[in-house]
Protein chains: 2
Amino acid sequence: MSTLCHCTILRRATRKLSAVYDLALAPFAINIAQYSLLRVIAREQPLSLTTLGRRTELDRSTVGRNVRVLEKLGLVVTRKSEDDQREAVVALTAQGTDTIQRAFPAWENCQRDIEAKLGAGKIDTLRTILDSI
Amino acid sequence: MSTLCHCTILRRATRKLSAVYDLALAPFAINIAQYSLLRVIAREQPLSLTTLGRRTELDRSTVGRNVRVLEKLGLVVTRKSEDDQREAVVALTAQGTDTIQRAFPAWENCQRDIEAKLGAGKIDTLRTILDSI
DNA sequence: GCCAGATGCGGGCATATACACGCATACATG
DNA sequence: CATGTATGCGTGTATATGCCCGCATCTGGC
């Protein structure tokens, strides 16, 4: 068995792939983490930070800070929930919706590039493996 | 083709797997990123920060900061190279060497756990895929 | 030998990420 | 209804990561 660390290999690949997506999304002034978060918000808005954390499997405090960045960029707004005064609910702004749509082709190109590079079979395998981690 | 982002899936899996390794290494007061870095240093010490960055495919400034943390933990020392006054070379301390050795079984357990979970075939496939990213 | 370009580093800036703590609100049980 | 527990958030602290800038040093061509 190899002495190479599975986790370290995974971490390295993630950094590299993220850099590819980040570069493609740079013209829209967002990165892949932000794009991904925007997409979840778009799909379920309005939603609370805690819910957003569950969807993304991110720590709630991480989500809170990441959303704050998106807010600073003018892509989302947060407001207090009326039902539950504790909750902060997030929704896209018009600019946020627009940014997602404009960035979509760039993101899709990344998807196609990696699919072409690995082949559909390996993409499926990869997804299966990663989902089971 | 699915609308799921390959990069986001990879990022999520990396966070989760890192958390597993981090938990296993917690008794030794290091995380997987640090353990991995220590191993590279152990293998090639003494080496410059730039070389360390090339080996790990990390930005040099990142390596510089990460090494500083290891230094604060007493696991490595850095000194100015005698040959090239610009270079900062890194080497393990006795405590660093000791920590790697003591942490090794915990790391190895993580390796075996993930190998058992995925099976040797999938581990190989995963490595091949990740290496080609 | 000298200067221009290359190389090595640290620091500034920014995001991503997690955990622990404390505060406010909601809710459930007596 | 009152209190104890559960839930939702923000903040503090820490590491990980990358880009850019400026400084110091090295090196090669002249």
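Just so we're on the same page: letters track the sequence lines, and every chain starts at 1. What you see below is based on every heavy atom in this structure, not just the backbone, and it leaves out hydrogens, waters and symmetry mates.
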Open item on the list: Do A:E115 and A:K122 make a side-chain contact, defined as non-hydrogen atoms from C-beta onward lying under 4.5 Å apart?
Closed with: no
Task: Single-linkage hydrophobic cluster, 4.5 Å side-chain cutoff, A:L23 and B:I133 together - done: no
Would you be so kind as to tabulate the donor-acceptor pairs closer than 3.5 Å made by side chains of residues 87-96 of chain A, with sequence neighbours excluded?
residue, atom, partner, partner atom, Å
A:T93, OG1, A:G74, O, 2.7
A:T93, OG1, A:L75, O, 3.1
A:T93, OG1, A:Q95, N, 3.3
A:T93, OG1, A:G96, N, 2.9

Open item on the list: Does anything in residues 18-30 of chain A form a side-chain hydrogen bond (donor to acceptor under 3.5 Å, both in side chains)? List the pairs, not counting sequence neighbours.
Closed with: A:S18-B:R11, A:Y21-A:Q111
Task: Test item: A:R60 and A:R54 side chains (from C-beta on) under 4.5 Å apart, heavy atoms - done: no
- [ ] Using a cut-off of strictly less than 4.0 Å between a heavy atom of the residue and any atom of DNA chain C, enumerate the qualifying residues of residues 33-42 of chain A by number.
- [x] A:A33, A:Q34
- [ ] Quick one: which residue pairs count as a side-chain hydrogen bond (donor to acceptor under 3.5 Å, both in side chains) with a foot in residues 63-73 of chain A, not counting sequence neighbours?
- [x] A:E71-A:T78
Open item on the list: A:T128 vs A:T125, test: side chain to side chain donor-acceptor pair (under 3.5 Å). Steps then yes/no.
Closed with: CA-CA 5 Å; A:T128 303; A:T125 304; over 6 Å; no
Open item on the list: For B:T56 versus A:R15, what's the shortest heavy-atom pair and its separation?
Closed with: O-NH2, 3.0 Å
Open item on the list: Contact list please: residues 53-76 of chain A against DNA chain C, heavy atoms, distance less than 4.0 Å, in numerical order.
Closed with: A:L58, A:D59, A:S61, A:T62, A:R65, A:N66, A:V69, A:K72
Task: chain A contact limits on DNA chain C, taken 5' to 3' with a cut-off of 4.0 angstrom to heavy atoms - done: C:dT15 to C:dA26
Open item on the list: Applying ring pair (Phe, Tyr, Trp, His ring centres under 6.0 Å) as the test, list every pair that has at least one member in residues 44-64 of chain B; sequence neighbours left out.
Closed with: none
Task: Contact list for DNA chain D against residues 78-88 of chain A - heavy-atom distance below 4.0 Å - done: A:R86, A:E87, A:A88
Open item on the list: Within residues 11-26 of chain A, which residues have any heavy atom lying less than 4.0 Å from an atom of DNA chain D?
Closed with: A:R11, A:R15
Open item on the list: Checking A:I114 against A:V20 for the side chain to side chain contact (heavy atoms under 4.5 Å, CB included) test, could you report, in this order, the C-alpha distance in whole Å, the side-chain angles of both residues, the deciding distance, and whether it holds?
Closed with: CA-CA 10 Å; A:I114 184 77; A:V20 171; over 6 Å; no
TODO: Go through A:R102 and A:D98 one step at a time and tell me if the salt bridge (charged side-chain N to carboxylate O under 4.0 Å, His left out) criterion holds.
DONE: CA-CA 6 Å; A:R102 288 188 301 114; A:D98 183 58; 2.9 Å; yes
Task: Residue pairs, two or more places apart or on separate chains, that pass ring pair (Phe, Tyr, Trp, His ring centres under 6.0 Å) and touch residues 62-103 of chain B - done: none
- [ ] Please indicate whether B:R79 has more than 12 foreign heavy atoms, meaning atoms of other residues, nucleotides or ligands, lying under 6.0 Å from its CZ.
- [x] no
TODO: State, to 0.1 Å, how close B:L73 and B:A29 come at their nearest heavy-atom pair, and which atoms those are.
DONE: CD1-O, 4.2 Å
Task: For the student: nearest non-hydrogen atoms of A:L47 and A:T51, plus distance - done: CD1-CG2, 4.1 Å
- [ ] May I have all residue pairs that pass side-chain hydrogen bond (donor to acceptor under 3.5 Å, both in side chains) and include part of residues 30-41 of chain B, sequence neighbours excluded?
- [x] A:T8-B:S36, B:Y35-B:R39
- [ ] Return the angle between end axes of the helix from C:dG1-D:dC30 to C:dG30-D:dC1, with five pairs used per end and rounding to 10°.
- [x] 10°
Task: Inter-residue atom distance B:E57.CD - B:L52.CG, 0.5 Å rounding - done: 12.5 Å
